[in-house]
Structures are given as structure tokens and as C-alpha cells.
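Computed from heavy atoms alone, side chains included, the values below leave out hydrogens, waters and symmetry copies. We name chains A, B, ... by the order of the sequence lines, and we start the count at 1 in each one.
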Protein chains: 2
Amino acid sequence: MIASEIEACQYGDEQRKGRAVSDTNSSKRPTIYDLAELVGTSPTAVSSVLNGSWKKRRISQKLADRVLKAAQEHGYTVNIQASVLRRDRSNIVGMILPKYDNRFFGAMAEQFETRAREAGLFPVITCTQRDPALELQAAREMLSYQVDYLICTGATDPDQITDLCRAAGVKTLNLDLPGTKAPSILSDNFTAARDLTRVILDACERDFGGGAPLMFIGGRSDDHNTRERRHGFLEAHKERGISVPDHLMITNGYAPEKARETLLKMADVPNGIFVNSTITLEGVVFWLRSLAPERAAQIRYGSFDWDPFGALLPQNVGMVRQDVSALLDLTFRTMKDGTEGNTMQLVPCQLEMPTV
Amino acid sequence: MIASEIEACQYGDEQRKGRAVSDTNSSKRPTIYDLAELVGTSPTAVSSVLNGSWKKRRISQKLADRVLKAAQEHGYTVNIQASVLRRDRSNIVGMILPKYDNRFFGAMAEQFETRAREAGLFPVITCTQRDPALELQAAREMLSYQVDYLICTGATDPDQITDLCRAAGVKTLNLDLPGTKAPSILSDNFTAARDLTRVILDACERDFGGGAPLMFIGGRSDDHNTRERRHGFLEAHKERGISVPDHLMITNGYAPEKARETLLKMADVPNGIFVNSTITLEGVVFWLRSLAPERAAQIRYGSFDWDPFGALLPQNVGMVRQDVSALLDLTFRTMKDGTEGNTMQLVPCQLEMPTV
DNA sequence: CAATCATGCTCCATCGGTTGAGCAGAAGCT
DNA sequence: AGCTTCTGCTCAACCGATGGAGCATGATTG
């Protein structure tokens, strides 16, 4: 449509104060009022054409076309702030995530975004550095954004967040680590840990003879997943009648440096090591590098969580790969159901073995 | 403050239609109107106390305390949508990012969030899967959120985004990959690639004797960084009087499968390989695993971008580690300066060598 | 004692989009 | 012709926070 075709303006320049016609060409973003003026119609008509409710509102195809064309030409984008402010639902889904520094959380973030978009929702992710204070701040921020739903991934204190959100009328879901006040979706840590432990025990038995307990390293003793994995670890030992002394169960955090220092200080590290995260594994392999080659060759380990390069390191005998797709399938299903309250769903993991 | 202390209400129940007193206890989020009613003051006073402008507006300490207490007790969080709608600046900074699946982008995302918060800004990140259409959609979405500034990381067509944003009066910055219409901040790809190539050539010379050209694999030939790295790669060869045949320069994308297939089909792969990204490296190491051990032992490689486990693989002789902190320092400085237009700043990389 | 100033608040328009209500004109029906 | 129904649109209130303007007080000054 060219300028001369514009119909008689029903909306004068002074309709909205301070908004002169020349503003239309300025660097400010065009609004539905600008488009209405350009096309010669009402802001309501423009809004309904642009948000898809125009058929319901009996706007003619002809007017719709003209509005769409003008919107296209002027690079119109809706102001979400204004839109959400008026509507009762924002269609924004939030996710809080501890870190972006490993494949598991990275995949969670990417797939969450993809799925949210597919469902016509706007994803907003923020990472909280495993810091409870930041988690709470992030949750508040998400509420400020008027999220319709909040997914708390690997949160250290999910119940606190659930309470905060419930007070604001926002439902939450706990992913990867469970809470007691909202639905929780997590991997079957016990089974996967038991199976991984079996694999490491098998490798040690094959290469060095059996009977010796493995070492468990990484994680926090107050963390549900660590507890489950310790449980699976001990179960696999019990099956073979091997008892594990306390000093081999080390859960002093996920940080690589902690693991490395612990191993360096330790008098005799067992041949087999169960590493509770890829982040901890970084510390373990760093320690390994500091050993004499013949000593390093006497080590076998496996880790919870998968990494493509970690999987190729020589002494690695297996990695637990969490099923991100399945976790997110369940998450979105639960979100759509609107399920609330303390439920828990477990998703099986895959065990990735060396390909050689 | 307990209920009986509430002063005479100057704001009756009917002040804002449909908002009954009982609503205060419902699951809807409290607004400044609710707090005003509870405390017995005006919404303006509440707003100014909560956003910190109360001293300037001459609100008494006593009233401020009462408002803050009520806000605390009722879990008030500001409605950003409403706040941003009214203000001229949103304090929201957007970042678009190709992927979350490697350490470089993961670190970029984490540090961006941290720095933005430190600067009192709200970070919003979205990932675009290296898809130009998604990049544009993501940029539009960011405009919808009223971002004050948009950082385009590794965008395939940054100029298009700059145009879109400029039309909306939003400044942009190109990070990691340059554009021609906004400031660009990126690593010194040429120098780092040349140095890495030297290291790989040295390793090959030491282990297998010199004179043979390396292979370059990964990336896209239309991508600025790939061109710079090819340039540095060729420069290091030229220094030693080695010429590189065209069939050893392979830039058919970053995907691991592509690299693997190419290597599988290739008649005689050189001993030394320059791998243009950690994602491509996944394909290379996968191929390596399929070789006979004695053949695999004849390979040396280095890669652009760093990965903690990749660095420990036996044939790896060096990794270029981009300086994420420095890149983001410059980014935030440039953002604050308000610099516009086609400028380019280069940041040196670190070269990580095997520690053994 | 009047004039001036500082203090401590409130009023109201506003940001941009959405939505229920309503209105004019055309078409259809009896 | 008089009635209803349908079509195609517009009006105006509203979402929640913000900030300029303004209005009572009480204190200070000439």
C-alpha cells in the first residue's frame, strides 16, 4: 500500500498526545496506534489482526491484509510487556538451571527451549551457579516476568521456591532433583548407579582380580541424587559380598579441585572409582595425569553423566547418560496436565560403554 | 504489622473495580494497590518505596519501613511488564547464542548472566541452533521483550539483525563473529590458528619427521572465523616452506558426522590435523577410535576451542582457549560506551598444551 | 504576621495491547 | 414497511507501575 491510498484518518495526530506523524519514521518502534493511523483504522482492529483474534472479531479479510502489510513494512513487533500486562496468561515458561558447563544441563537448556517454542510458549532460562540465594533471586525474577510456570532444575532447595511461587499463583516442577511440594521428575539414579558400579567392578575383576571395593567420589551427602547413587553403589557391592569402608565414600562437593586434592592426599586409592559427575571427573582425570603412567594404567573409573570426550579417555569403562528427551517429555506432559503436589516420576538412564 | 494496626483506608474496595479485600489473601500476586490498601497509603508511595526513589520523593522513613514490611510479608515482587511498559529503559539485555553444547558458549552464557546482574541489568539468553531463521525470530522476540541492547553471539547473519534492531532503536553488538554494521568483538583467530598450527607441525616433526602439510577440518568457508583460521593455518605452513594441497582444506560444516564421514572416505589422511571446533573434534575422535591402534598412534591433532576432557586425549597436542572473560569485559565496556557502527576489537587467545 | 520554604504525601495521565460491550449499516424475513 | 440478524467495525476500561504536577501542613525568615 502506498501513502496516497491511506484512507481518511479517523485517528488524528492529537489522539495520543505527543505522538506526531513524523514519529512514525523515527527510530522508535511502531505501535498498534501507529499502524492504525497508517492504515486508517482503529487500534483494536490492528491488535486483533496481529494477534490472530480477528476472525472471531469479524474483521474483514481486506482490512486484515492491509494491516498485515503495514506491519510487515514497518517492522512491527508486539510489545510483550504491554500484551502480557493485559492478558491473564503470559505464555512464558521459566527454567532455572545450576550451570551451563556440562552436556547434561546444556542439552536440558537447548531442548527445553525447542520444546517450549514448539508448544507456542516463550522460554526464559537463567542459571544459578548452584547457589541457593541466587536460586531464590532467580525465582523472584521469573515471577517478575509473570511466568505461567517455573521449572526448577537441580535446585538445592526446591520447596522454598515452590512456596514462593505458589503464593504468587504460579505452579512449579522439580526437574533432576526432587522436592516435596511439587511434582518431581528425575532419573532413576539408584538403578543407573548400581549398573554403572557393576560395570566398574567387572572391569576391575577382569583386569586386576575381584573382591576389592570401589571408591565413590563427588556430590553432596544432603543431595537426593547423591544419596540414591550411593545406595545403588553399595547395592552392587553387596550383591558380590564386598563391603565398602566409610573412608571410600567421599561426598565433599562437585568441584574438580576438591576431588583432586582428596585423591592426592589419599594413601592408597582403589583401582576402581565411581565418579558422581562429569565436573568431578575433571578433577579425577587431572589427578590421573599426575600419576606415573604405570600407576595410572591401574585405574578404572566410570562416571554419572556423559561427555563425548570423557567417554574416550583410556581408563573410562562406562558413563551414565541421562535421558534428556524423556525427562523433558514428561516435564511438558506434567506441565500441560496441570498436576500439582508431591508426585515423583523416574526416568531410566542409558549406560554408555566404550565403543572399542 | 498486624491487621488491627492498619490505618483508616483511604483507598476503598471499589477504587479499582473487582478487587475485593479478600483478594489480598488469594493466590493472585499482590500489587502496589494491594499493599497501599494494607498499609493505608497511596500506590505511588508504595511504588517509590519499592523502587528506591522514595528519598527523592520525600517519603518518610517511617512509611517506607511499613511498606517494606508489608511487601516482605506478602511476598511482593514487582511486575516487570508493567514497570518496563511505563519506563523508557527496560534494563534488559539480550544475548543470542548458537548452542549450549560446548564449553566456550556455556562459559559465555554463564559469565554474561553474572556480569549483567552485577551491572544491575536483567539478562535474557536464547539459543538459535545455528539457524539463520531462528536467529531472526529470536531477535524479534528480544525486541518484544523491549531489550535495551542485544548481543549477537556467533550469528550467521548479524547485519540483518542489526538492521532489524536499529529500526526499533535498539543497539546491537556482534560477539565471536563479526558484522559490518555494529561493533564486533572477537578472538584473534588468525594468530591463535597460526600458533596452534605451529604446535601441531612441531609435534609431527618431532614424532614423524617434518615437511608434510597438515589437514584442516571443520567450519564453513563463508564464516569469518574459519577464513581467519585457514589463513593462520596456511601462514604457519608458509613459514616452513610447506605447501598445502586444496583437498586437505575441508570446511563442510561443524557437524561431527560430516568430519567423521569425510575422514572415513579419505584415502590417506595426514598425520597432523587442525580441527576447527570441539564439535568437529567429536567426529574426529570418533573416527580415530575406528582405526587400528597402530594407525591411530600415528595421528596428532590440535583444536580450536578448549574442552577439559578433549585436552587429555592422547593424540591431542594443543587446544586454543578463547578468553571468555576478556571478550565479555570488552563487550560490557563497549555496551556502556554506547559505541555504534562498524568497529572491530580483537582479543588474544590462550594456547593450552598437554600438561604431561 | 505575612511570605517563603521544606516536608510528606496524593492525583492523574501514561506506557501499548486486549477485550467486553456496543453501534451503524446491510441483508434477510414476514 | 417493520422486524430481526449478520457483518464489520469502534469505544473505553483495564492491566500494574511510574513520575511530573500539585496540595496540604508545619517550620523558618524578614
Selection residues 119-130 of chain A - residue pairs positive for side chain to side chain donor-acceptor pair (under 3.5 Å), sequence neighbours left out: Lys99(A)-Gln129(A), Thr126(A)-Glu113(B), Thr126(A)-Arg117(B), Gln129(A)-Glu110(B)
Between P of dT7(C) and NZ of Lys62(B), the distance in whole Å: 17 Å
Angle of first-five versus last-five pair axes in the helix from dC1(C)-dG30(D) to dT30(C)-dA1(D), to 10 degrees: 50°
side-chain contact (heavy atoms from CB on, under 4.5 Å) involving Arg333(B) - partner list, sequence neighbours excluded: Asp329(B), Leu330(B)
Any Tyr76(B) side-chain N or O less than 4.0 Å from OP1/OP2 of dA17(D): yes
Distance test, side-chain N/O of Ser83(B) to OP1/OP2 of dA17(D), below 4.0 Å: no
Integer-rounded Å distance: dT18(D) C1' and Gln81(B) CD: 16 Å
Nearest-Å distance for atom pair CZ/C1', residues Arg89(A) and dC15(D): 17 Å
Residue list, side-chain contact (heavy atoms from CB on, under 4.5 Å) with Gln160(B), at least two apart or on another chain: Leu136(B), Asp157(B)
Under-4.0 Å side-chain N/O to phosphate OP1/OP2 contact, Ser60(B) with dC9(C): yes
Test side-chain hydrogen bond (donor to acceptor under 3.5 Å, both in side chains) applied to Asn79(B) - qualifying residues, sequence neighbours left out: none
Closest nucleotide among dA17(D), dG17(C), dG16(D) to the Leu85(A) side chain: dG16(D)
Main-chain N/O of Leu175(B) paired to Thr153(B) side chain as donor or acceptor, under 3.5 Å: no
Any donor-acceptor pair under 3.5 Å from Arg29(A) side chain to Thr77(A) backbone: yes
Sugar-phosphate only, base, or nothing, as touched by Leu50(A) at under 4.0 Å among non-hydrogen atoms: nothing
Nucleotide N/O to protein N/O under 3.5 Å, stretch nucleotides 25-29 of chain D:
none

Length of the line joining Asn91(A):CG and dG17(C):P, which is rounded to integer Å: 17 Å
Whole-Å distance separating the CG atom of Leu35(B) from the P atom of dT10(C): 14 Å
For Arg87(B), side-chain hydrogen bond (donor to acceptor under 3.5 Å, both in side chains) partners two or more places apart: Ser83(B)
Whole-Å distance separating the NZ atom of Lys55(A) from the P atom of dC9(D): 13 Å
Qualifying residue, where the test is salt bridge (Lys or Arg N to Asp or Glu O under 4.0 Å) with Asp148(B) and the options are Arg89(B), Lys336(B), Lys171(B): Arg89(B)
ring-ring contact (aromatic ring centres under 6.0 Å, His included) partners for Tyr145(B), two or more places apart: none
Those residues that, when tested against Asp163(B), pass side-chain hydrogen bond (donor to acceptor under 3.5 Å, both in side chains) (two or more places apart): Lys181(B)
Sequence-distant partners of Ser60(A), side-chain hydrogen bond (donor to acceptor under 3.5 Å, both in side chains), two or more places apart: none
N or O in side chain of Tyr33(A) less than 4.0 angstrom from dT18(C) OP1/OP2: no
Under the ring-ring contact (aromatic ring centres under 6.0 Å, His included) test, residues paired with Tyr149(B) that sit two or more places apart: none
5′-ward residue of the pair Ala82(A)/Ile59(A) relative to DNA chain D: Ile59(A)
Distances for protein N/O vs nucleotides 19-24 of chain D N/O pairs under 3.5 angstrom?
residue, atom, partner, partner atom, Å
dG19(D), O6, Thr44(B), OG1, 2.8
dG20(D), N7, Arg57(B), NH1, 3.3
dG20(D), O6, Arg57(B), NH2, 2.5

Whole-Å distance separating the CZ atom of Arg66(A) from the C1' atom of dC9(D): 12 Å
Atom pair distance, as rounded to whole Å: CD in Glu37(A) and P in dG17(C): 14 Å
